[in-house]
Amino acid sequence: MRICFATNNQFKVNEIRSLLPEDIELISLLDIGCVEELPETQNTLEGNSHQKAEYVYKKYGIPCFADDTGLEVFALDGEPGVYSARYAGEHRGNADNIQLLLDKLSGSEDRKAQFRTVITFINEHGKVKQFEGMVKGEILDELKGTDGFGYDPVFLPKGKSKTFAEMSLEQKNEISHRAVAISKLVAYLIKHYQEEH
Ligand code: IMP
């Protein structure tokens, strides 16, 4: 079985490839000649990951999956959520996004937040299946740690004493939203593949 991961992030492709048995071939957008930007105009993680996977499935006729992740802060009614990558504006970076988040939360006692990843998989018959991964925690009022990316320096996972940015990649991968969603997808793919062949 050949499956396309609808992402331009080669790091993510390699990460999932390493978790799959060899007879499930994971290919990337580059491998199928898809160089255009995928549409991502929905206002939910579910909607966006579905939209990206559906675009590739319909245009290239290959089983595929796409992911979408957001940081959901309770006191901000789930913001930045689906807009996490561009919270402070289209061409701003992680530091600006974090600063805006801290500004909006200043004085707030409720710091509860969660990272959530939704993966949408569409199989060779067009059947859609979604997988969710989540990690709960809180937003600190200052940055701690230098590893990771995005909002990692201000996210303290529940029950942990280190932010995501203070953890090694291995430590983060043991509990992260993306790792949880990916492990559900991988389990499904292995089962699906074994049932079909
Ligand atoms: P994407 O859907 O994986 O591209 O993630 C969207 C945005 O969410 C990223 O640009 C980051 O700002 C944020 N994000 C996603 N995953 C993480 C994470 O593991 N740590 C910190 N921020 C993240």
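Counting begins at 1 with the first residue of the sequence. Counting starts at 1 for both ligands and their atoms, following the listed order.
In this structure a side-chain-to-backbone donor-acceptor pair under 3.5 Å is missing from Arg116 to Met134. Proximity of a side-chain donor or acceptor of Ser84 to a complementary backbone N or O of Leu71 within less than 3.5 Å is detected.
Among protein residues, Lys12, Asp68, Thr69, Ser84, Ala85, Phe115, Phe149, Gly150, Tyr151, Asp152, Lys172, His177, Arg178 come within 4.0 Å of ligand 1, judged on heavy atoms.
Atom CG of Asp77 has 12 or fewer neighbouring heavy atoms from other residues, nucleotides or ligands inside a 6.0 Å radius.
A cation-pi contact, defined as under 6.0 Å to the ring centre and within 45° of the axis, is absent between Lys129 and Phe121.
Look at Lys158 and Glu138 and you find no salt bridge, because none of the NZ, NE, NH1 or NH2 atoms lies under 4.0 Å from a carboxylate O.
Residues satisfying the salt bridge (charged side-chain N to carboxylate O under 4.0 Å, His left out) criterion with Glu142, sequence neighbours excluded, are absent altogether.
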